[in-house]
Q: 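Below is the structure I would like to discuss, written out as structure tokens.
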Amino acid sequence: MDDLTSQEAAVLGIIRDNPFAGQQEIAEMLGLARSTVAAHIVQLMQKGHVLGRGYVMPQPSRAICLGGAVLDRKYHAKQEIVPGTSNPVDSTRSMGGVARNVAENLARLGTQTGFISIVGDDEGGRTLMTYMRERGIDVSQMIISTERPTAEYAAILDPHGDLSLGIADMGIFDLLRPEHLDRVWPHLASASFVFSDCNPPAETLAALITRRRDARFRLAIDAVSTVKAMRLPKDLTGIDLLFMNIDEANAILGLSARETINDALKAAHGLQKAGAREAVVTMGAAGIAVAGIDASASFEAVEAKAIDMTGAGDAMIAGTLHRVIAGDDIHTAARIGALVATLTTESAASVHPELSEAFLQAHMHRLS
Ligand SMILES: Nc1ncnc2c1ncn2[C@@H]1O[C@H](COP(=O)(O)OP(=O)(O)OP(=O)(O)O)[C@@H](O)[C@H]1O
Ligand SMILES: O=c1[nH]cc([C@@H]2O[C@H](CO)[C@@H](O)[C@H]2O)c(=O)[nH]1
């Protein structure tokens with residue numbers, strides 16, 4: 001609360017006791033002009049202490065996920081893929097989008113979560129919104145576009161579940177402009193953590209990172225892909241926690257080594273040097289490198305009976321954020337992230353359909 005002036009704190013105190021207090025009533029109680037109280041309430045919204053009219057108070061720990069809402073289609077090859085010809089596959093559909101996957105994982109683990117994205121005015125968009133709402137995720141700040149259809153992603157997976165080719169129709173995310181951040185700012189400002197993927201345009205990411213410097217929330221970012229990682233500014237100052245796989249980290253750092261987990265550790269240090277407060281660089285089954293604020297370390301991935309890798313990175317982020325929000329340090333939290341990632345590789349969907357805190361606890365023995 002040390003970001004508040006004494007008058008703002010006094011106004012907040014009255015609103016907390018009586019969320020229905022009118023501006024005139026508050027003004028009279030504090031001996032201020034009504035217009036002064038109105039200005040203080042605007043400031044309280046900007047600083048994230050008040051969410052909107054009716055003065056609804058934010059929950060103490062809340063995550064907001066910003067970025068991709070996507071319809072995923074997976075084509076799982078029955079034998080080694082032969083390019084340039086027809087390949088037999090098993091196909092499945094599920095909800096995807098990095099930010100959406102992170103939001104669903106977080107909500108399943110019990111973190112209070114809001115999701116901000118854009119979907120088309122179509123059946124896919126409506127199904128996606130309903131699905132999220134039914135999982136207790138706040139979708140009140142979503143945009144519904146009549147200009148573009150809901151984003152789609154097709155993953156062609158080899159017989160081992162590894163990505164052979166991904167095809168992404170994500171044009172709708174160009175409409176996630178910086179102005180939308182202004183509109184949803186009270187929701188972002190009141191969160192304990194804001195997570196964004198790199199599906200929004202570079203200007204929107206830059207605006208978020210810049211505005212984070214004066215905000216109370218912590219900011220986590222995931223690159224999504226080597227192409228989208230390039231949307232991040234050169235100066236990563238303002239990012240509290242940056243998630244990348246080794247290829248994405250190398251791409252933005254101009255590095256190429258990807259032989260051992262030490263290369264991932266070097267990349268994580270590189271991201272810190274570029275301004276990120278902490279960085280997690282993943283290397284699939286080969287392990288995870290964590291550059292924390294106090295110490296750096298790497299550890300092994302949790303052994304998996306993997307069938308589909310899609311969403312593993314998103315699950316790693318959600319598991320990590322869930323624990324960081326609960327108060328764990330990044331090293332402890334990332335181990336839980338690795339376990340959630342492994343569980344996700346063992347399901348055909350982009351988010352494990354059975355994931356819950358109890359499900360996670362039942363698998364904790366796998367973290368030896
Ligand atoms: N074969 C595997 N065995 C065990 N764990 C794995 C395996 N593949 C991925 N993981 C887990 O998932 C995490 C993220 O995987 P990866 O490094 O491939 O990131 P990514 O490319 O962002 O993932 P994706 O794009 O598939 O979501 C790893 O840190 C690891 O914990
Ligand atoms: O450009 C993009 N490609 C793929 C995804 C999503 O990644 C998820 C897997 O990590 C998957 O669900 C896909 O929709 C995205 O959000 N943006």
Side-chain angles (χ1 to χ4, degrees), residues 65-74 92-105 117-118 124 128 150-155 157-158 160-174 176 195-201 221-231 242-251 258 261 263-264 267-268 280-290 298-320 334-346 348-352 366-367:
C65 299
L66 173 76
V70 179
L71 303 171
D72 282 355
R73 287 191 168 75
K74 320 265 179 68
T92 51
R93 290 165 168 223
S94 70
M95 305 272 169
V98 170
R100 196 217 67 85
N101 293 344
V102 173
E104 184 182 341
N105 277 309
S117 182
I118 183 165
L128 198 146
T150 302
E152 288 191 18
Y153 173 71
L157 305 166
D158 69 17
H160 321 286
D162 283 315
L163 185 66
S164 179
L165 178 70
I167 300 165
D169 174 2
M170 309 271 160
I172 191 170
F173 300 135
D174 296 346
L176 277 175
F195 166 76
S196 179
D197 64 29
C198 287
N199 281 308
I221 291 203
D222 175 59
V224 175
S225 64
T226 46
V227 174
K228 291 190 172 175
M230 297 305 178
R231 295 179 176 180
L242 185 54
F243 293 92
M244 293 199 176
N245 69 25
I246 181 77
D247 297 323
E248 294 154 356
N250 278 347
R258 57 183 324 291
I261 195 69
D263 296 323
V280 175
V281 176
T282 61
M283 234 176 133
I288 295 107
V290 178
S298 62
F299 61 94
E300 288 177 2
V302 182
E303 208 173 307
K305 291 193 185 69
I307 56 165
D308 178 350
M309 308 302 172
T310 320
D314 313 341
M316 133 67 72
I317 294 165
T320 306
R335 282 170 202 275
I336 303 295
L339 177 56
V340 183
T342 283
L343 294 172
T344 305
T345 67
E346 295 173 348
S350 303
V351 172
H352 197 298
R366 296 173 69 176
L367 280 179

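For ligands, and for the atoms within them, numbers begin at 1 and follow the listed sequence. Only this structure's heavy atoms are used, side chains among them; waters, hydrogens and symmetry mates stay out. Here the structure is a predicted model, which is why all the values come from computation and not from measurement.
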Q: At the 4.0 Å heavy-atom cut-off, does A306 count as touching ligand 1?
A: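 No; A306 lies far enough from ligand 1 that no heavy-atom distance drops under 4.0 Å.
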Q: Which option, I288, D222, V280, owns the non-hydrogen atom nearest atom 29 (O) of ligand 1?
A: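 The nearest heavy atom belongs to I288.
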Q: Can any side-chain N or O of E346 pair as donor or acceptor with the backbone N or O of K305 at less than 3.5 Å?
A: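 Indeed, once roles are kept as given, a pair shorter than 3.5 Å links the two residues.
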Q: Check N105, V70, V351 against R100 for a side-chain contact (heavy atoms from CB on, under 4.5 Å) and give me the one that passes.
A: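 Checked N105, V70, V351 against R100; only one passes side-chain contact (heavy atoms from CB on, under 4.5 Å): V351.
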Q: Evaluating non-hydrogen atoms only, which member of V98, D197, T310, V224 is closest to atom 6 (C) of ligand 2?
A: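 Selected option, by shortest heavy-atom distance: V98.
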Q: What protein heavy atom is closest to atom 12 (O) of ligand 2, reported as residue, atom name and distance in Å?
A: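 Looking only at protein heavy atoms, the one closest to atom 12 (O) of ligand 2 is D72 OD2, 2.5 Å.
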Q: Mind checking whether N199 and L176 have side chains closer than 4.5 Å, heavy atoms only?
A: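 They are not in side-chain contact.
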Q: Could I get the full list of side chain to side chain contact (heavy atoms under 4.5 Å, CB included) partners for D247, not counting sequence neighbours?
A: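 D247 satisfies side chain to side chain contact (heavy atoms under 4.5 Å, CB included) with T226, N245, R258 only.
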Q: Could you tell me whether the side chain of T342 and the main chain of L339 form a donor-acceptor pair under 3.5 Å?
A: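 Checked: no pair found.
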Q: Measuring from the heavy atoms of S225, does anything fall under 4.0 Å of ligand 2?
A: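 Contact check S225 vs ligand 2: negative.
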Q: Would you check the N or O atoms of G97, main chain and side chain alike, for any that come under 3.5 Å of an N or O of ligand 2?
A: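 Yes, at least one N or O pair falls under 3.5 Å.
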Q: Drop me the distance from Y153's OH to M170's CE, to the nearest 0.5 angstrom.
A: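 One finds 7.5 Å between OH of Y153 and CE of M170.
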Q: Please identify which atoms of ligand 1 are closer than 4.0 Å to at least one heavy atom of M283.
A: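 Listed by number with element: 17 (O).
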Q: Report the residues that fulfil side-chain hydrogen bond (donor to acceptor under 3.5 Å, both in side chains) with D308, sequence neighbours left out, ordered by chain and then residue number.
A: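 Expected list: K74, T310.
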Q: Can you report which non-hydrogen protein atom sits closest to atom 4 (C) of ligand 1, along with the distance?
A: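 Nearest neighbour among protein heavy atoms for atom 4 (C) of ligand 1, to 0.1 Å: V302 O, 3.3 Å.
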Q: For atom 21 (O) of ligand 1, is the nearest protein heavy atom under 4.0 Å away?
A: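 Neighbour list for atom 21 (O) of ligand 1 includes protein heavy atoms (cut-off 4.0 Å).
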Q: Just jot down the ligand 1 atoms closer than 4.0 angstrom to any heavy atom of G311, in number order.
A: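 Within the 4.0 Å cut-off of G311, ligand 1 contributes 27 (O).
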Q: Can you check which of A289, G284, A341, A285 brings a heavy atom nearest to atom 15 (O) of ligand 1?
A: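 Among A289, G284, A341, A285, the closest heavy atom to atom 15 (O) of ligand 1 belongs to G284.
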Q: Okay, side chain of R231, backbone of P200: is any donor-acceptor separation there less than 3.5 Å?
A: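 Yes, R231 side chain to P200 backbone: donor-acceptor pair under 3.5 Å.
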Q: Any nitrogen or oxygen of T282, side chain or backbone, less than 3.5 Å from one on ligand 1?
A: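 Between T282 and ligand 1 (N or O atoms, distance only) the closest approach is under 3.5 Å.
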Q: With a 4.0 Å heavy-atom cut-off (strictly under), which part of R100 contacts ligand 2: side chain, backbone, both or neither?
A: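 No part of R100 comes within reach of ligand 2.
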Q: Can you list the steps and then say if L157 with L163 is a side chain to side chain contact (heavy atoms under 4.5 Å, CB included)?
A: CA-CA 5 Å; L157 305 166; L163 185 66; 4.2 Å; yes
Q: Compare I317, N101, T344, D314 and give the one whose heavy atom is closest to atom 10 (O) of ligand 2.
A: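 Residue with the shortest heavy-atom distance to the ligand atom: D314.
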Q: Judging by distance only, is a nitrogen or oxygen of T310 under 3.5 angstrom from one on ligand 1?
A: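 No; the residue has no nitrogen or oxygen that sits under 3.5 Å from a nitrogen or oxygen of the ligand.
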Q: Quick check on contacts: which atoms of ligand 1 are under 4.0 angstrom from a heavy atom of A304?
A: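 Selected atoms, number and element: 3 (N), 4 (C).
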Q: Can you tell me if G96 contacts ligand 2 (heavy atom of the residue under 4.0 Å from the ligand)?
A: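 In this structure, G96 qualifies as a contact of ligand 2 - some heavy atom is under 4.0 Å.
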Q: Taking the side chain as every heavy atom from C-beta outward, state whether T282 and V280 have any atom pair closer than 4.5 Å.
A: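 When only atoms from C-beta onward are counted, V280 and T282 do touch, with a gap below 4.5 Å.
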Q: Given 3.5 Å as the limit, does a donor-acceptor pair link the side chain of R366 with the main chain of E303, or not?
A: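 Yes, R366 side chain to E303 backbone: donor-acceptor pair under 3.5 Å.
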Q: Starting from atom 5 (N) of ligand 1, which protein heavy atom do you reach first, and at what distance in Å?
A: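 For this ligand atom, the closest protein heavy atom is T342 OG1, 3.5 Å.
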Q: Find all atoms of ligand 2 within a distance of less than 4.0 Å from any non-hydrogen atom belonging to N199, and give their numbers and elements.
A: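 Contacts of ligand 2 toward N199, numbered from 1: 1 (O), 2 (C), 15 (C), 16 (O), 17 (N).
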Q: Near N245, which atoms of ligand 1 are under 4.0 Å from a heavy atom of that residue?
A: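 Listed by number with element, the hits are 19 (O), 20 (P), 21 (O), 22 (O).
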Q: Nearest heavy atom to atom 8 (N) of ligand 1 wins, so pick from M244, H160, M309.
A: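 Nearest option to atom 8 (N) of ligand 1, by heavy atoms: M309.
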Q: Consider ligand 1: state whether an atom of it lies below 4.0 angstrom from any non-hydrogen atom of V98.
A: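 Distance cut 4.0 Å: V98 fails for ligand 1.
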Q: Ignoring hydrogens and angles, tell me if any N or O in the side chain of D314 forms a donor-acceptor pair with the backbone of N101 under 3.5 Å.
A: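 It does not hold such a pair.
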Q: Is the closest side-chain heavy-atom distance between D222 and F195 below 4.5 Å?
A: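 Result yes, sub-4.5 Å side-chain heavy-atom pair found.
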Q: What atoms in ligand 2 come closer than 4.0 Å to a heavy atom of K228?
A: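 Answer, ordered by atom number: 1 (O), 2 (C), 17 (N).
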Q: Can you give me the closest heavy-atom contact between G96 and D72, atom names plus distance?
A: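 Here G96 and D72 meet closest at CA-OD2, 3.3 Å.
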Q: Before signing off on this row, confirm whether G313 and ligand 1 have an N or O atom pair separated by under 3.5 Å.
A: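 So ligand 1 has an N or O lying under 3.5 Å from an N or O of G313.
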